[in-house]
Colleague: 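Just dropping this structure here.
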2 protein chains.
Amino acid sequence: MLSKSCVYALRAIIFIAHNAREEAKIGIKEIAQELDLPVHYLGKILQQLTKHKIIQSIKGPNGGFYLDRESKQVRLIKVIEVMDGLDVFFQCGLGLNNCSEEHPCPLHDNFKVYRDGLYTLFSTTSIADLANKIDEGNAFIQNFPSKLKDSLK
Amino acid sequence: MLSKSCVYALRAIIFIAHNAREEAKIGIKEIAQELDLPVHYLGKILQQLTKHKIIQSIKGPNGGFYLDRESKQVRLIKVIEVMDGLDVFFQCGLGLNNCSEEHPCPLHDNFKVYRDGLYTLFSTTSIADLANKIDEGNAFIQNFPSKLKDSLK
DNA sequence: ATAATAAAAGACCTAAATATCTTTTATTGA
DNA sequence: TCAATAAAAGATATTTAGGTCTTTTATTAT
Ligand code: FES
Ligand code: FES
């Protein structure tokens, strides 16, 4: 569906929204550790997001990442656009070179419903929307710890 | 969404269903040409499908591919399972290591609707269902010719 | 039997996605 | 102004998906 780079990006942004403020930025190592992501790879991704002004970063001591007021209102679709492009929401589900009502594949009518639904979902959901669910304790952005077995030593 | 191998497979099967019978099999070169697919790559794919009994093939002169009665009733999900596996329909949209009601990501409730919808669609649609739409002229499995400009010479 | 045909099988190549490592630049506090 | 910090940037490595080419095997018609 979405590339790894893209879901890494989304999770990192949500984590930053939930855990950082301009006065208390969060570093890349901590983000990577908490989300079980490869540090340097995540670095590349956050770098891209910074360049596109989707997140904010400051170098040096006490530096790190945070989201300003506008960034928290960014929609998921914007992140997807930067990381993967939006083709997936406009392409034919059976790989025809174009998807249209004039030359539809036999799956078109049914497939379009879900493809468009996802597009709408991503277009109407903001980072803040998801971060709020974490804040309220109704959802999680960190992996469920699969190492509970280690705790019985 | 689905890998190229998978959509190539789906299109090829539908094309075979629409264009071949046991008494009039269709060769791989013709399929590849009509669907704008790389011949040898398609060969690999059809080989896999044959091994899984999803399509039928006969070697030698007058040989080629066709679908028997049962094969036409195969559901799309079966093809997807063979080509890509079914993980995509059970994985978290934000890449958490598991997707569950007990440890949901903040997108879970909304995302699940579409992911499950697609799973149901692919599980309830058969090759014959799609081939029929082609037969009836209500849909297409070949690309819309983008070379119409060539026709004005 | 044999030559021609067409898929199966296997080896190999290429490009893109994913991941790691090293160096540079900006910032801060001592 | 210097040392420490942390992100940016760049180079490189690995893995997987996608694609090509060659050889083998099965089938058919002559
Ligand atoms: S033509 Fe296939 S999904 Fe629209
Ligand atoms: S936990 Fe993310 S989709 Fe279910």
Side-chain angles (χ1 to χ4, degrees), chain A residues 1-13 15-16 19-20 22-33 35-67 80 82-85 87-88 95, chain B residues 1-13 15-16 19-20 22-33 35-67 80 82-85 87-88 95:
Chain A
M1 179 63 217
L2 303 175
S3 72
K4 280 198 176 189
S5 297
C6 190
V7 304
Y8 288 2
L10 289 169
R11 285 179 65 204
I13 298 174
F15 187 79
I16 294 168
N19 291 287
E22 179 157 10
E23 317 87 62
K25 298 178 271 296
I26 186 167
I28 191 173
K29 276 186 295 220
E30 188 176 348
I31 303 171
Q33 180 173 320
L35 298 182
D36 294 328
L37 304 180
V39 193
H40 293 106
Y41 189 35
L42 179 62
K44 289 283 161 207
I45 291 167
L46 296 183
Q47 192 179 315
Q48 283 185 72
L49 296 174
T50 303
K51 208 160 10 185
H52 283 88
K53 309 281 179 70
I54 291 176
I55 63 179
Q56 284 67 52
S57 75
I58 299 289
K59 291 182 182 179
N62 303 318
F65 298 89
Y66 68 98
L67 300 192
I80 297 172
V82 166
M83 300 303 300
D84 289 353
D87 282 358
V88 64
Chain B
M1 180 62 220
L2 303 176
S3 71
K4 282 201 176 186
S5 296
C6 190
V7 304
Y8 287 2
L10 289 169
R11 284 178 66 205
I13 298 174
F15 188 79
I16 294 168
N19 290 287
E22 179 158 9
E23 317 86 63
K25 299 178 271 294
I26 186 169
I28 191 172
K29 276 185 297 219
E30 188 175 351
I31 303 171
Q33 179 173 321
L35 298 182
D36 293 327
L37 304 180
V39 193
H40 291 106
Y41 189 33
L42 179 63
K44 288 285 161 203
I45 291 167
L46 296 183
Q47 193 180 314
Q48 283 185 71
L49 296 174
T50 303
K51 207 159 11 185
H52 283 86
K53 309 281 179 69
I54 291 175
I55 63 178
Q56 284 67 52
S57 76
I58 297 289
K59 291 182 182 179
N62 302 317
F65 298 89
Y66 68 98
L67 300 192
I80 296 172
V82 165
M83 300 305 299
D84 288 354
D87 281 0
V88 65

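Everything numeric here is computed off the predicted structure, so don't read it as measured data. What you see below is based on every heavy atom in this structure, not just the backbone, and it leaves out hydrogens, waters and symmetry mates. Reminder, nothing fancy here: chain letters follow the sequence lines and each chain counts from 1.
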Colleague: Nearest 0.5 Å, please: how far is CD1 in A:Ile55 from CD in A:Gln47?
Modeller: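 Result: 10.0 Å between the selected atoms.
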
Colleague: What closest approach, in Å, do B:Lys29 and B:Val39 show between heavy atoms, and which atom pair accounts for it?
Modeller: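 Heavy atoms only, the tightest pair is CG-CG1, 4.2 Å.
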
Colleague: Between CD of B:Gln48 and NE2 of B:His52, what distance do you get to the nearest 0.5 Å?
Modeller: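 Going from the CD atom of B:Gln48 to the NE2 atom of B:His52 covers 7.5 Å.
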
Colleague: Nearest 0.5 angstrom please: B:Ile58 CD1 to B:Glu22 CD, how far?
Modeller: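 B:Ile58 atom CD1 to B:Glu22 atom CD measures 7.0 Å (nearest 0.5 Å).
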
Colleague: Nearest 0.5 angstrom please: A:Leu42 CG to A:Ile31 CD1, how far?
Modeller: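 Between atom CG of A:Leu42 and atom CD1 of A:Ile31 there are 6.0 Å.
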
Colleague: If you compare all heavy atoms of B:Ala9 against all heavy atoms of B:Met83, which two are closest, and at what distance to 0.1 Å?
Modeller: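 Here B:Ala9 and B:Met83 meet closest at CB-CG, 4.0 Å.
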
Colleague: Taking 5' to 3' order, which nucleotide of DNA chain C is first and which is last to have an atom within less than 4.0 Å of a heavy atom in chain A?
Modeller: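 Result: C:dT18 to C:dG29.
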
Colleague: Base, sugar-phosphate or nothing for A:Gly43? Non-hydrogen atoms, less than 4.0 Å.
Modeller: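 No contact.
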
Colleague: Give a yes or no answer on whether the side chain of B:Asp84 reaches the backbone of B:Ile80 with a donor-acceptor pair at less than 3.5 Å.
Modeller: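 Not a single qualifying donor-acceptor pair exists.
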
Colleague: Do B:Tyr41 and B:Ser5 have side-chain N/O donor and acceptor atoms under 3.5 Å apart?
Modeller: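 Indeed, the side chains of B:Tyr41 and B:Ser5 share at least one donor-acceptor pair under 3.5 Å.
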
Colleague: Do nucleotides 13-21 of chain D as a string where each nucleotide becomes B, S or -: B if the base has a protein heavy atom under 4.0 Å, S if just the sugar-phosphate does, - if no protein is that close.
Modeller: -----SBBB

Colleague: Toward the 5' end of DNA chain C, which comes first, B:Lys59 or A:Ile58, by nearest nucleotide?
Modeller: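 Nearest nucleotide further toward 5': that of B:Lys59.
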
